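Protein chains get the first letters and strands the later ones, always in sequence-line order, with residue 1 at the start of each. All values derive from a computational prediction rather than experimental measurement.
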Amino acid sequence: MAAKDGNPKARDKGITPQGEDFSAWYNELVLKAELADRGPVKGTMVIRPYGYRMWELLQARLDQMFKETGHQNAYFPLLIPESYLKREAEHVEGFSPELAVVTHAGGKELEEPLVVRPTSETVIGEMFSRWISSHRDLPLLVNQWANVVRWELRPRLFLRTTEFLWQEGHTAHVDGADAMAETMRMLGIYVSFARDVAAIPVIEGEKTPGERFAGALRTFTIEAMMRDRRALQSATSHYMGDNFSRAFDITYANERNELVHCHTTSWGLSTRMLGAVIMAHGDDRGLVLPPGLAPHQVVIVPIGRGDERAAVDEAAARLATDMEARGVRAHVDGRDASPGFKFNDWELRGVPLRVELGPRDLASGQAVVVARLGAEGKQAVGLDSLAASVPDRLSAFHAALLERATSFGDEHTAAADDWDAFAAQVGEGFANALHCGRAECEDDIKAGTAATPRCVPSDGEPEEGTCVRCGLPSAYGKRLVFARSY
RNA sequence: CGGGAAGUAGCGCAGCUUGGUUAGCGCGCAGCGUUCGGGACGCUGAGGUCGCGGGUUCGAAUCCCGCCUUCCCGACCA
């Protein structure tokens, strides 16, 4: 009977509401849902089994998509000679502030320091130069699943950790056209992964020069809106031109036996995507997981005790087996805890569908089904048809989740044609506005509103006019998306 | 690195102002019993170098000095 409001003790069971403190909501949720924990070293993260299962599911789907488009997995070393980083001028400049460097090993100082990879363009570039000699070797399409280290100043679980897991694709091509096609193909894969697996609608587009990857000629991104209406860059795809192939001497002999530099790409998606899932779908009760990434798509909560319970358990096990036979990840929660506790617990963990099964249900040959989005309330479903209906229910759940996120994004996106409207809109969500393209003007906007250009959207309508900030003629030929971001 | 807050049991906190016996409370945890359709209850119990180092004092969680760490807000970023 503790006081409800203002009393921290009353919250032991729940989490801080999003509207009160989004950042507290996020941290408490990640910890309480047992997705991750903080490691002993600042900025490091332990991914716990429930969170790691999500990563595994993500990996399996993306990996399949990569292989279907002709890529092969490989693995390159964690340690890179420091000199490699320096071979591409912009690349070092971009990454040196956040490098972790090994200076001692084997009990003595190293002759050349080794950097712990912050990304692998350099080692892979070096290896590509040894492997590629003919146009017949191209394109070379490689991906690696790995950990990387970037000494971030302000870590945040999943969103920005000192060490994180990701996949980085690296490819080499005969020319710019082929490399650009690859860059866009992989961006497309990220878009469909986000939409079809994570149920997150994204805006795809190109980064402005100021937001480009260090060493890239063009950087493309997918940007998603979180429930606090801030943007999260969820994956990127880069066209390097011949920058890295010149730095690492990646050349091939063409059909006329002329030695030519390759054009390369790289593209990556990290554990940050799990942060996107948490923040794009979660609510005040906890996570809401898209079926594609949910460790348990259905949880069956058996209710009852004694002899009644034995019959319930048996029926629950049969139901789970039935569902699994249909490719559904089902779980029976047999813990010694009250039903109410389990309901809340699985809601916190975001399980899409919950099945309640008790003596009353058994007697009437049905079960109670509840979807985590909650719109339909509790629904009685006949036991003989339940398992068969689950795949459709999960698809419907995915569609509803995507629809909800899509309308949320639409509701909080608006065009802004003058500075006051712009400043107000980036406080509300995303603002579509014309910009002059000058870096100093971007900085000015950031200083004034904390908003940055997220991208030049691929599907934007052609439009010319004047910059929303400085009034100079607009660049890019269309509106940019601006938002405060993570 | 700038600005804020905080380090006391696994988690969340009180105690500190005005030093004083075995440092408390809630949740969680263990055992037993009763419970089980929206976060159950009773009884019993385990669990703490009070962040670290030094100082003041007969006596320090409490006062003084130094250090460390973490979290939040900003600059950097997937």
Side-chain angles (χ1 to χ4, degrees), chain A residues 1-3 7-16 21-24 26-28 31-32 37-43 93-99 118-119 146-168 190 207 211-214 219 221-224 232-238 266-276 285-286 301-306 308-309 312 335-348 354-363 367-368 370 374 377-378 380 443 446-447 450 452 484-486:
Chain A
M1 214 33 213
N7 181 355
K9 287 176 191 168
R11 288 216 183 99
D12 281 356
K13 289 176 178 170
I15 49 178
T16 300
D21 184 343
F22 195 84
S23 172
Y26 180 83
N27 285 324
E28 289 169 23
L31 264 19
K32 286 199 168 182
D37 207 344
R38 293 182 220 285
V41 174
K42 179 184 162 84
E93 198 191 322
F95 281 103
S96 53
E98 49 192 45
L99 292 179
T119 179
N147 57 339
V148 287
V149 167
R150 297 181 187 178
W151 216 256
E152 297 291 351
L153 300 167
R154 201 169 147 215
R156 208 146 146 49
L157 292 170
F158 287 114
L159 302 179
R160 217 180 304 99
T161 48
T162 296
E163 176 187 4
F164 59 92
L165 304 184
W166 74 347
Q167 61 63 216
E168 47 179 326
Y190 291 143
K207 285 291 186 188
E211 303 262 325
R212 245 178 230 148
F213 176 79
T219 287
T221 177
I222 58 172
E223 300 281 329
L232 183 71
Q233 176 176 312
S234 307
T236 45
S237 185
H238 315 286
S266 75
W267 26 275
L269 179 148
S270 73
T271 35
R272 172 180 273 191
M273 182 50 105
L274 299 185
R285 299 165 105 176
V301 178
I303 300 165
R305 48 186 289 269
E308 286 182 333
R309 179 56 184 271
V312 168
R335 287 179 296 176
D336 180 20
S338 72
F341 174 88
K342 293 177 184 177
F343 297 164
N344 283 287
D345 192 44
W346 292 116
E347 279 167 6
L348 177 75
R354 179 176 79 237
V355 173
E356 306 174 9
L357 191 61
R360 257 162 31 205
D361 302 299
L362 239 44
V368 172
V370 186
K378 296 198 176 193
D443 293 344
K446 185 171 186 180
T452 50
R484 291 182 302 133
S485 77
Y486 279 95

Item to check | Test item: A:Leu99 and A:Trp151 side chains (from C-beta on) under 4.5 Å apart, heavy atoms | outcome: no
Next on the checklist: Could you tell me how far apart A:Glu98 (CD) and B:A78 (P) are, to the nearest whole angstrom?
Outcome noted: 8 Å
Item to check | Separation between the C1' atoms of B:A14 and B:G48, rounded to whole Å | outcome: 15 Å
Item to check | Residue mapping more 5' on RNA chain B - nearest nucleotide basis, A:Ala450 or A:Arg38 | outcome: A:Arg38
Item to check | Interatomic distance where CZ belongs to A:Arg309 and P belongs to B:G37 [whole Å] | outcome: 11 Å
Item to check | Between B:A5 and B:A9 - P atom distance, rounded Å | outcome: 22 Å
Next on the checklist: Suppose we call two aromatic rings close when their centres sit under 6.0 Å apart. Are A:Phe213 and A:Phe95 close by that rule?
Outcome noted: yes
Next on the checklist: Are A:Arg156 and A:Asn27 packed together at the side-chain level, in the sense that at least one heavy-atom pair is separated by less than 4.5 angstrom?
Outcome noted: yes
Checklist entry - Roughly how many Å is it from CZ in A:Arg484 to P in B:C77, rounded to a whole number? => result 18 Å
Item to check | Euclidean distance for C1', B:C63 against B:C50 (whole angstrom) | outcome: 16 Å
Checklist entry - Out of B:G37, B:C71, B:G39, which has the shortest distance to the side chain of A:Lys42? => result B:C71
Checklist entry - Which whole-number value in Å describes the distance from A:Leu153 CG to B:G2 P? => result 13 Å
Item to check | Sugar-phosphate, base or nothing in reach of A:Arg354, heavy atoms under 4.0 Å | outcome: base
Checklist entry - Charged N to carboxylate O below 4.0 Å: is that the case for A:Glu223 and A:Lys207? => result yes
Checklist entry - Whole Å only: how far is the CZ atom of A:Phe164 from the C1' atom of B:A78? => result 5 Å
Checklist entry - What nucleic acid atoms does A:Ser23 come within less than 4.0 Å of, heavy atoms only: base, sugar-phosphate, or nothing? => result sugar-phosphate
Checklist entry - Hey, does A:Leu159 reach any base, or is it just sugar-phosphate, or nothing, if we go heavy atoms under 4.0 Å? => result base
Checklist entry - Below 4.0 angstrom from OP1 or OP2 of B:U35, is there any side-chain N or O of A:Arg305? => result yes
Item to check | Heavy-atom closest pair, residues A:Phe158 and A:Thr271 | outcome: CD2-O, 3.6 Å
Checklist entry - Has A:Ser270 got a side-chain N or O lying under 4.0 Å from the OP1 or OP2 atom of B:A78? => result no
Item to check | Atom C1', compared across B:A46 and B:G54: separation rounded to whole Å | outcome: 35 Å
Checklist entry - Below 3.5 Å, does any donor atom in the side chain of A:Arg160 face an acceptor in the base of B:C77, or the other way round? => result yes
Checklist entry - Hey, mind stepping through A:His238 and A:Thr219 against side-chain hydrogen bond (donor to acceptor under 3.5 Å, both in side chains) and telling me if it holds? => result CA-CA 4 Å; A:His238 315 286; A:Thr219 287; 2.9 Å; yes
Checklist entry - Within this structure, what is the CH2-to-P distance between A:Trp346 and B:G37, rounded to whole angstrom? => result 18 Å
Checklist entry - On a whole-Å scale, what distance lies between the P atoms belonging to B:C1 and B:U8? => result 24 Å
Next on the checklist: Between A:Glu347 and A:Arg285, does the salt bridge (Lys or Arg N to Asp or Glu O under 4.0 Å) criterion hold? Intermediate values first, please.
Outcome noted: CA-CA 6 Å; A:Glu347 279 167 6; A:Arg285 299 165 105 176; 3.3 Å; yes
Next on the checklist: Suppose we call a contact any N or O donor and acceptor under 3.5 Å apart; does that hold for the side chain of A:Asp361 and the base of B:G37?
Outcome noted: yes
Checklist entry - Using a cut-off of 4.0 Å on non-hydrogen atoms, how would the nucleic acid contact of A:Glu356 be classed: base, sugar-phosphate, or nothing? => result base
Checklist entry - C1' atom, B:C58 versus B:C41: distance in rounded Å? => result 49 Å
Next on the checklist: Categorize A:Thr161 for me: base, sugar-phosphate, or nothing, with a 4.0 angstrom heavy-atom threshold over every strand shown.
Outcome noted: base
Next on the checklist: Counting only side-chain heavy atoms from C-beta out, which of B:U35, B:A78, B:G37 sits nearest to A:Asp336?
Outcome noted: B:U35
Next on the checklist: By the 4.0 Å heavy-atom rule, please label A:Gly268 as base, sugar-phosphate, or nothing.
Outcome noted: nothing
Next on the checklist: Could you tell me how far B:G42 sits from B:C27 if I compare only their P atoms? Round to whole Å.
Outcome noted: 9 Å
Checklist entry - Under 4.0 Å between a side-chain N/O of A:Lys342 and OP1 or OP2 of B:A40, yes or no? => result no
Checklist entry - Do A:Arg285 side-chain and B:G39 base share a donor-acceptor contact under 3.5 Å? => result no
Item to check | Which residue lies more 5' along RNA chain B, comparing A:Asn27 with A:Ala337 via nearest heavy atoms | outcome: A:Ala337
Checklist entry - Counting any heavy atom closer than 4.0 Å, what does A:Val148 reach on the DNA or RNA strands: base, sugar-phosphate only, or nothing? => result nothing
Next on the checklist: Does any part of the side chain of A:Pro302, heavy atoms only, come nearer than 4.5 Å to the side chain of A:Leu357, both counted from C-beta?
Outcome noted: no
Next on the checklist: If I pick the P atom on B:C71 and the same atom on B:A61, what distance separates them, to the nearest angstrom?
Outcome noted: 28 Å
Checklist entry - For the pair made of NZ in A:Lys378 and C1' in B:G38, what is the distance, rounded to whole Å? => result 6 Å
Item to check | Rounded interatomic separation in angstrom, taking CZ from A:Arg212 and P from B:C76 | outcome: 18 Å
Item to check | Closest listed nucleotide, where the reference is the side chain of A:Lys446 and the choices are B:C36, B:C76, B:A78 | outcome: B:C76
Checklist outcome for this item: Against the side chain of A:Asn344, the closest entry in B:G39, B:A78, B:G37 is B:G39
Item to check | Check against side-chain hydrogen bond (donor to acceptor under 3.5 Å, both in side chains), A:Thr162 and A:Glu152 | outcome: CA-CA 6 Å; A:Thr162 296; A:Glu152 297 291 351; over 6 Å; no
Item to check | Watson-Crick or G-U pairs under 3.5 Å in RNA chain B, rendered as dot-bracket with [ ] for crossing pairs and | for another strand | outcome: (((((((..((((......[...)))).((((((.....)))))).....(((((..]....))))))))))))....
Next on the checklist: Going by side-chain contact (heavy atoms from CB on, under 4.5 Å), name the residues that satisfy it together with A:Glu356, two or more places apart in sequence or in a different chain.
Outcome noted: A:Ile303, A:Phe343, A:Arg354, A:Val368, A:Val370, A:Lys378
